[in-house]
Novice: 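Structure below; questions to follow.
Numbering of ligands and ligand atoms starts at 1, following listing order.
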Amino acid sequence: MFDGLKDKLSGFTSDVEEDVDDDALEAEDEPDAGEADGNVPADAETESEPAPDAQPSEDDTRVAEATAETDQQQADAEPPAADSMATEESATASATELEDTDAVPDDESQSDTAAATEEDSESEADSESEEDDGGRGLAAKAKLMATGKTVIEEEDLQSHLDDLELALLSSDVEMSVANEILDGVKENLTGQTRRRLSSTGNLVRDALRESLYDVINVGQFDFDERVQQADKPVTIVFTGVNGVGKTTSIAKLAQYFEDRGLSTVLANGDTYRAGANEQLEKHAENLDKKIITHEQGSDPTAVVYDAVEYAKANDIDVVLGDTAGRLHTSDDLMAQLAKIDRNIDPDMTLFVDEAVAGQDAVNRAREFNNAAEIDGAILTKADADPQGGAAISVAHVTGKPILFLGTGQDYDDLEPFDPEEIVDSLIGE
Ligand SMILES: Nc1nc2c(ncn2[C@@H]2O[C@H](COP(=O)(O)OP(=O)(O)OP(=O)(O)O)[C@@H](O)[C@H]2O)c(=O)[nH]1
């Protein structure tokens, strides 16, 4: 699932990490750099550095940790209060919320202290130290890494961001979503205090993780809890175009609810398409579920209404209502959905589309949501989608969460959409 996108994202992170690592090694070669920062003597830095041929992706972690440790020892040996305060902070801030690191040094002449504090004082340190040596010393960089501050200048990052943009767009990530991700990465890597990050290790990966999470996590709610807490029967109506796996998803959800102790009745509100009754009936038979159907051409609202009445009379927990999957631009279809809304007032309307449709799925989600507001989405055929663009884009574009991924043709191939898990699987833990 989403393997092509995974490869592209991993290419981005390793490229940027290599650059940061190269910068760090260059800084190591500048004997005055650390002292110009007023921080750690060059020999102390050299002792704590990894060999130049070490693996780049791990280097920055080691450089950060080893050098921060060296700084800590250095600080322990050197009494000035402001200096050790800052160093202590750099060692502990990595495991805490970075907003908490707001101590301001008393003595502004100590630029290393400034470098380890909040952004505003950081900018002072930048101007002071960079005036001297044209860049930060390795120890200061490492300290910034350990405290989660920027070590990468925007201009250095730009070509990588261009590559990332291409990677996202070629994976069918919607343009505005790609821009949002790029802005987030830039912000996280170039000077903003990062939120929610606990690892001192992989800054680039964490910056990307955070940005992806922010766009994917839009509108998430606890589906199971909402169903459990709603008055019964809970009515869920499904919209989306033909052939994307809507009927199969309804059947999968019937199985999903059964696994959670909830009974269901199916309703075929797709009275437009020949064969739709038979298709849903087949699933109902396989799953041993009651199904309500009317003749082809009859009123879809009446079918769903009958299913709700049946559920009330028979103590059924959930009504799952299919609708005709004609084009989202069809006024007729939208009028049908509006009528169902008015007369049945479903608890949820879920939009179903296939992940493999990429940009088309994203556009349809937007248009369906505009025409008849949805509460969430199911993306089918994620198992066959190497790109992941729709999975990343739909929530941000509609403001409504993806709730499930279809991951195969069997009834239990339906996975709750967990943004954190998705991001972890895309970026690696
Ligand atoms: N690989 C895979 N195939 C799926 C998934 N969901 C559905 N399918 C297959 O996609 C095909 C179309 O699914 P349907 O459920 O018939 O599609 P539909 O949207 O209901 O189509 P209409 O009833 O015509 O609107 C079927 O062969 C399903 O088995 C999925 O998550 N993964």
Side-chain angles (χ1 to χ4, degrees), residues 1-4 172 223 236-257 259 264 266-287 289 291-298 300 303-304 307 320-330 332-334 336-337 340 349-358 360-365 367-368 371-372 374 376-391 394 402-418 421-422 425:
M1 193 161 71
F2 314 146
D3 283 341
D172 263 351
F223 177 80
I236 305 177
V237 165
F238 297 81
T239 65
V241 296
N242 280 333
V244 295
K246 191 152 46 77
T247 309
T248 307
S249 296
I250 291 170
K252 286 177 177 178
L253 264 181
Q255 176 72 52
Y256 178 89
F257 284 126
D259 293 345
T264 52
L266 311 187
N268 181 35
D270 181 1
T271 55
Y272 182 80
R273 187 171 57 93
N277 276 348
E278 291 70 21
Q279 194 189 349
L280 198 58
E281 271 163 1
K282 183 95 185 76
H283 288 304
E285 197 183 308
N286 292 344
L287 293 164
K289 297 290 167 201
I291 177 170
I292 306 291
T293 58
H294 286 192
E295 277 176 17
Q296 192 185 346
S298 56
V303 184
V304 182
L320 300 171
D322 202 357
T323 64
R326 273 170 288 152
L327 270 181
H328 45 290
T329 46
S330 157
D332 190 28
L333 168 71
M334 292 311 160
Q336 276 180 20
L337 289 175
I340 292 176
T349 299
L350 300 186
F351 169 76
V352 184
D353 213 315
E354 49 187 13
V356 284
D360 287 344
V362 178
N363 293 336
R364 288 194 288 254
E367 288 166 30
F368 264 91
I374 63 171
I378 298 177
L379 276 189
T380 64
K381 307 179 193 177
D383 51 308
D385 177 26
Q387 307 283 41
V394 162
I402 296 173
L403 295 170
F404 292 97
L405 291 179
T407 54
Q409 304 210 37
D410 293 335
Y411 291 127
D412 54 5
D413 288 331
L414 184 74
E415 290 181 11
F417 186 87
D418 179 335
E421 257 177 38
I422 295 289
S425 89

Novice: Provide the closest heavy-atom pair for G269 versus P300 in the form atom of the first, atom of the second, distance.
Specialist: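 Residues G269 and P300, closest heavy atoms: O-CB, 3.2 Å.
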Novice: Assign the ring pair F368 / F351 to parallel, tilted or perpendicular, where the plane angle (0 to 90°) is split at 30° and 60°.
Specialist: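 Plane angle between 30° and 60°, so tilted.
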Novice: Name all residues meeting the side chain to side chain donor-acceptor pair (under 3.5 Å) criterion together with N286; count only those two or more places apart in sequence or in a different chain, and write none if there are none.
Specialist: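 Here the qualifying residues are Y411.
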Novice: With D322, which of V303, I250, I291, T293 fulfils side-chain contact (heavy atoms from CB on, under 4.5 Å)?
Specialist: I250
Novice: At a heavy-atom distance under 4.0 Å, which protein residues reach ligand 1? Sort them by chain and number, would you?
Specialist: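 For ligand 1, the residues that come within the 4.0 Å heavy-atom cutoff are N242, G243, V244, G245, K246, T247, T248, K252, R273, Q279, T380, K381, D383, G406, T407, G408, Q409.
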Novice: Measuring from atom CG of N268 to atom CD of E281, what distance do you get when rounded to the nearest 0.5 angstrom?
Specialist: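 Atom-to-atom, N268:CG and E281:CD are 8.0 Å apart.
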Novice: Is a donor on one side and an acceptor on the other found under 3.5 Å between the side chain of K246 and the backbone of T323?
Specialist: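 At least one qualifying donor-acceptor pair exists.
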